[in-house]
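These notes concern the structure reproduced below.
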Number of protein chains: 2
Amino acid sequence: MADADLSPPDGPVRTITDLARLAGVSAGTVSRALAGNSLVNARTRERIQQLARAHGFQLNQMASNLRRQRTGVVGVAIPLGHDRRQQISDAFFMTLLGHLADELTEHGHDLMLRRVIPDRDEDWLARFTGSGMVDGLIVIGQSDQFARIEAAAAHYLPMVVWGNHQEGQRHCVVGTDNRLGGRLAAERLLAAGATKLAFFGDTAPIEFAARFAGASDVAAQAGVPIIACPTPLAVDRMPGEIARHLARHASRIDGIFAATDTLAVACLKQLHERGLAVPERMRLVGFDDLPVAGQTTPPLTSIRQDIAAGARGLVDLLLRRLAGENTESLVLPPELVVRATA
Amino acid sequence: MADADLSPPDGPVRTITDLARLAGVSAGTVSRALAGNSLVNARTRERIQQLARAHGFQLNQMASNLRRQRTGVVGVAIPLGHDRRQQISDAFFMTLLGHLADELTEHGHDLMLRRVIPDRDEDWLARFTGSGMVDGLIVIGQSDQFARIEAAAAHYLPMVVWGNHQEGQRHCVVGTDNRLGGRLAAERLLAAGATKLAFFGDTAPIEFAARFAGASDVAAQAGVPIIACPTPLAVDRMPGEIARHLARHASRIDGIFAATDTLAVACLKQLHERGLAVPERMRLVGFDDLPVAGQTTPPLTSIRQDIAAGARGLVDLLLRRLAGENTESLVLPPELVVRATA
DNA sequence: GCGCAAATTTCAAACGTTTGCATTTTTCGG
DNA sequence: CCGAAAAATGCAAACGTTTGAAATTTGCGC
């Protein structure tokens, strides 16, 4: 029986049964051997693993998954609200996605990415969670789906969402304290000498709304005005909209809080074109502290979100939920990074 | 039998068998009904679908996949060479990934993302293709895995790779004509008045090597010198390295071809800090034409890759390969986008 | 050698679908 | 109404693995 591997070279060994025949044992033993189960004799185990390597055997994951009722795959859903085209190419989301991939891989999970357009697809959440294809779900951004997510959270435990934390919400969320971030931004603008503020960004997503609210808190407290300038994040419409805002309001403001670094960079460009000196004539603070923030001229002052920590948090909480724990939300502290624009 | 749905509310209906019991038919019929198979009577079909909706029934994909021997999932592998941390956060790759997600979703496929570190994981390709988890594979970037990919292509057909096309290669690739792109860049630099060129970028990845080669062609033909300045793409080391290159070579060059817009943006910043006027004293051309290119000051002249077209090509070719066709590679034309830096 | 426990291995039943084939029901021309 | 063809449904065998329980082998003290 030691020379089983000297048998004539037969067809490709695809299934565990093929391998069993080759090794002269039963399928069950092979399965256990490959899993490193100590129930099977160390020598047989080694011999089988050897054989598997030699024949380039790959376990069929589908079958394994079906039987074990788990897949080792975590779903990552990116709901796209109205601003369809924007979000997925947004540097922030992409960086988060990259870190998520790292973090999940590290823990032996695969990542199944799905972009969903909630308007077109009523039950995108149920479809994903109920498919049996994923063990758990990470949702990147609440978009305008807060209610739906909240509803799903009642039945489906292994789900963690990146976004903003609301008082008393049911679903587990990881995200930056956007309101605090907004305060930090406004405080910095004031400290840099601004006396009349503007907020650039769409206030529909609750993250952005919270940032604006934080800035408004500070402005109210200091008795300075702050005006909201709704600006789309879609890359093609952004510059025009900013130009329009500046044309209307530039004379009435001397400090801008941009909801996003991407927005801030676009602002910087428009300000430059209008000949408004930054930071002398106009202070500017962004949000996210993307790599690009350090590379603009002048370098951008921004509110840093620790994306890597966010990804770690998402994965950590999800794994704990997969283990049955009912985790609390995680709110990360934002951090002011002072460069040259404010 | 019409009032089957008036039966007492029992446990959740998870399996097709539950649904069958509820509908008073066999599992087979339910399966066919849900698939819209015309073998089953239109009325029963409708009734079953109704029932499924009412109970929020979700087909178990794992079981379905196992039985049908296909998953509807396309794997996307991102091999990370030496420059680990860089690539996945690189705006170009991320944008491509976003478009891929779009395009695959459009065709009813899901996307399974996997970052692989070839050094640590010898047979990352076999593991992915042999797992039975994916119907086909898209590899983003050849990195330093050309040989391994080439080997896999011999056995595994449904695979398409983003990258550079080599004469006589076996695996199907989609990518920009990097050499031509390099030529366009160099030609533009010369047209803008440059007389001594430099190439900034790592020439190890074959895409970049081809860009450099294209530029060198033009330089040689025009009789102007071009020097290669190896620059890492890792965001933390990039600025320092650029500064070092400029300190050494700035006096000897008046035109820079950056392998990437990300690199070009960093160059722009360093040039500004050294007080070298762009484009008067130093012409600069980037590559990719990322959104950021239009937002720098001055706006960046760049070589445009049509990322969306690339994604469409990758998916289209993969689908055709899944259908059994043996497709040729697709080489996309780059396009010069003239802005203000050259 | 015997008996008993421990160590291995085999057996067979799942996991939830899909699908070829057999079987039942319906339809319809005569 | 009969019989045959057509339409609809049921049956049961896969898909390839895992795993509890049963069966077999091995080890060991006496």
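Values below: all heavy atoms of this structure, side chains included; hydrogens, waters and symmetry mates excluded.
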Contacts of type side-chain contact (heavy atoms from CB on, under 4.5 Å), residue B/R53, not counting sequence neighbours
B/E46, B/Q49, B/Q50
Pick out the pairs of N or O atoms, protein on one side and nucleotides 24-27 of chain C on the other, that lie under 3.5 Å.
none

Using the heavy-atom set of chain A and a strict 4.0 Å cut-off, write down the first and last nucleotide of DNA chain D that makes it in, 5' to 3'.
D/dG16 to D/dA21
Please tell me which of B/A42 and B/R68 maps to the more 5' nucleotide of DNA chain D, matching each residue to the nucleotide holding its nearest heavy atom.
B/A42
Per the salt bridge (charged side-chain N to carboxylate O under 4.0 Å, His left out) rule, what does the pair list look like for residues 63-74 of chain B, sequence neighbours excluded?
B/R70-B/D135
List for me each residue that meets salt bridge (Lys or Arg N to Asp or Glu O under 4.0 Å) alongside A/R321, sequence neighbours excluded, and say none if there are none.
none
Distance-only donor-acceptor pairs under 3.5 Å for side chains of residues 308-317 of chain B, two or more places apart:
{"residue": "B/D316", "atom": "OD2", "partner": "B/R320", "partner atom": "NH1", "Å": "3.0"}

Select base, sugar-phosphate, or nothing to describe what B/S31 touches, counting heavy atoms under 4.0 Å on all strands.
base
Under the side-chain contact (heavy atoms from CB on, under 4.5 Å) test, residues paired with B/N60 that sit two or more places apart:
B/M62, B/A63
Under 4.0 Å between any heavy atoms, over every strand shown, what does B/T15 touch: base, sugar-phosphate, or nothing? Just pick one.
sugar-phosphate
Ring pair (Phe, Tyr, Trp, His ring centres under 6.0 Å) contacts touching residues 110-150 of chain B (sequence neighbours left out)
B/F146-B/H171
Roughly how bent is the helix from C/dG1-D/dC30 to C/dG30-D/dC1 end to end, in steps of 10 degrees, with each end axis from five pairs?
40°
Which residues pass the side-chain contact (heavy atoms from CB on, under 4.5 Å) test with B/T15, sequence neighbours left out?
B/T17, B/D18
Would you say the side chain of A/W162 lies within less than 4.5 Å of the side chain of A/I138, judging by non-hydrogen atoms?
no
What I'd like to find out is whether the side chain of A/V74 reaches to under 4.5 Å of the side chain of A/L111, using heavy atoms alone.
no
Not counting sequence neighbours, which residues clear side-chain contact (heavy atoms from CB on, under 4.5 Å) with B/A126? List them please.
A/Q58, B/D123
Would you mind reading off the distance between A/R43 atom CZ and C/dT8 atom C1', rounded to a whole angstrom?
12 Å
Do any N or O atoms of the protein come closer than 3.5 Å to N or O atoms of nucleotides 9-11 of chain C, and which pairs are they?
{"residue": "C/dT9", "atom": "OP1", "partner": "A/T44", "partner atom": "OG1", "Å": "3.2"}
{"residue": "C/dT9", "atom": "OP2", "partner": "A/N41", "partner atom": "N", "Å": "3.1"}
{"residue": "C/dT9", "atom": "OP2", "partner": "A/T44", "partner atom": "OG1", "Å": "3.4"}
{"residue": "C/dT10", "atom": "OP2", "partner": "A/S26", "partner atom": "N", "Å": "2.9"}
{"residue": "C/dT10", "atom": "OP2", "partner": "A/S26", "partner atom": "OG", "Å": "3.2"}
{"residue": "C/dT10", "atom": "OP2", "partner": "A/T29", "partner atom": "OG1", "Å": "2.8"}
{"residue": "C/dT10", "atom": "O4", "partner": "A/R32", "partner atom": "NH2", "Å": "2.5"}

When you compare the side chain of A/R21 with that of A/V13, does any pair of heavy atoms fall below 4.5 Å?
no
Donor-acceptor pair, B/E150 side chain versus B/R170 backbone, under 3.5 Å?
yes
Do B/V173 and B/Q142 make a side-chain contact, defined as non-hydrogen atoms from C-beta onward lying under 4.5 Å apart?
yes
